Protein chains: 2
Amino acid sequence: MANETGMGLRERKKLATWQAIRDAALRLIDRRDFDAVSLDEIAEAAGVSRTTLFNYFASKEAIVLDPAPQDPQLWRSLMDARPERETLWASLQAVHLGYVSTFSDRLVLQKRLKTVSPTLAASTREHAARFKRELRDWIADRAPSGSEVYAELAVNTAGAAMATAYTLWSPDDGFDRLMELARTCFEQAGRGFTAP
Amino acid sequence: MANETGMGLRERKKLATWQAIRDAALRLIDRRDFDAVSLDEIAEAAGVSRTTLFNYFASKEAIVLDPAPQDPQLWRSLMDARPERETLWASLQAVHLGYVSTFSDRLVLQKRLKTVSPTLAASTREHAARFKRELRDWIADRAPSGSEVYAELAVNTAGAAMATAYTLWSPDDGFDRLMELARTCFEQAGRGFTAP
DNA sequence: GAAGAATGTTGGACTTGATTCAAATTTGTC
DNA sequence: GACAAATTTGAATCAAGTCCAACATTCTTC
């Protein structure tokens, strides 16, 4: 029995549960420390059993860091939106900037959490890696064979540019400042480091 | 009562225990999977209690990944060895190449383990970050104030270059091939990505 | 070299994240 | 309403990591 959203009850409930768990977790962790909040508490607060929680998230960190179910599709459309004839480097910049924009809302909270909890900071890197994997696959089609090193390096360097901007950025600066920093970094990395 | 090594008995025993634990762990993990080897087994094989094991290593991953006690000092001397007037980029390349050379022996085993065990692969990144932190501190002195963005970006890009080489490298290729790849990556990243 | 201080080691109890599984519940379909 | 498929659940279990008080070893001092 489908409704206006085009989803069955089952699917809608699933999304609601996902949201309930994430919301409960963020609310609890916002007050106390990440490590001080137990899975039982989160499950309790989300009105779900601990077992179910693991049906939705692979780990405690994932509850905070996992992209929303819609996000990956969004990323792909970001990549597909890039014109064929655009420079690899220009595409990479555009995709990265678009990428962080997809969760500009969560970004401030997440960065704050990460500065406090090393556990979270560590597994964030794992997440960046997941995005990078998608990027790589996407690049693989565009890159002429024989340029694997160049393509891989470009992807990683773009990641470094973005990471640099993110590191230097403070949540208090506001989101636009992050974009500005990112653009600066991409420009500089694009120029290279050999010349003074 | 000091001996020829200049270390007291206490210090010597400590190093021996550290080595015993790492050796036991690597030996066990070399046969079975990382996750299939329990801390109890490692402690047992190293002839030490589980509690003691945690006196030496902060986590299970650390047993495999921690740098040898001497290593950090080695890194610092690598950095200090760079001539004052060398380009930042050239210094970064030299330090990175020297860095991986310090554990060229472990490198093959470690990379093999990492391809099998995601757990290990994840926490490797955390280790790279530690080295990067040291680098940053070192750079901070050299970089003229006002160029924080540039310095941070250079460090991260150098890391990206090294990571790219490492990713594309296969343990079967031998260590020299890794060096070769690294040089190529540094050269390309140094040139930048704006020009075709 | 004996006594005492400092440093390490140990076992055991405990917390918590994560896995497994069969029974119970809910949703979709005819 | 009845049956099949997908979800949820509690309970049992495992392993990583922490804490702590008792014990052992090394270092220092006289």
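If you're wondering where the values come from, they're calculated on a predicted model, not measured in any experiment. Just the heavy atoms: all of them, side chains too, but no hydrogens, waters or symmetry mates, feed the values below. Convention: sequence-line order gives letters A, B, ...; per-chain numbering from 1.
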To the nearest angstrom, the CD-C1' distance between B:Glu11 and C:dG8 comes to 14 Å
Which of parallel (below 30°), tilted (30 to 60°) and perpendicular (above 60°) describes B:Phe186 and B:Trp89? tilted
| said: Strictly distance-based, threshold 3.5 Å: is any side-chain N or O of A:Thr194 a donor or acceptor partner for the main-chain N or O of B:Gly190? | reply: yes
dist A:Asp176:CG -> A:Leu181:CG (nearest 0.5 Å) comes out at 11.5 Å
As a check of understanding: the bend across the helix from C:dT9-D:dA22 to C:dC30-D:dG1, end axes from five pairs, rounded to 10 degrees, works out to 20°
| said: With a 4.5 Å cut-off on side-chain heavy atoms, are B:Phe175 and B:Met179 touching? | reply: yes
ask   = Below 4.5 Å, heavy atoms only, C-beta onward: do A:Tyr56 and A:Arg22 meet side chain to side chain?
value = no
Within the structure shown, what part of the strands sits under 4.0 Å from B:Tyr56 by heavy-atom distance: base, sugar-phosphate, or nothing? sugar-phosphate
task: Consider only side-chain N and O atoms of A:Ser91 and A:Glu86, and report whether a donor and an acceptor are under 3.5 Å apart.
output: yes
Whole-Å distance, B:Leu15 CG to C:dG8 P, equals 13 Å
From the candidates C:dA18, C:dT27, D:dT9, the one with an atom nearest any side-chain atom of A:Asn55 is D:dT9
With a 3.5 Å distance limit and no angle check, can you tell me whether A:Arg183 reaches the backbone of A:Leu97 through a side-chain donor-acceptor pair?
no
In numerical order, the residues of residues 35-54 of chain A whose heavy atoms come under 4.0 Å of DNA chain C are A:Val37, A:Ser38, A:Leu39, A:Arg50, A:Thr51, A:Phe54
Rounded to whole Å, CD1 of B:Ile21 lies from C1' of C:dT9 at a distance of 11 Å
Indicate yes or no: does B:Glu187 engage B:Arg191 in a salt bridge with an N to O separation below 4.0 Å.
-> yes
Residues A:Arg177 and A:Glu180 bridged, charged N to O under 4.0 Å | yes
note: A:Lys14, atom NZ; C:dT25, atom P; distance rounded to Å ~ 21 Å
Atom NZ of A:Lys13 and atom C1' of D:dT7 are separated, to the nearest Å, by 10 Å
Rounded to whole Å, CD1 of B:Ile29 lies from C1' of D:dA15 at a distance of 14 Å
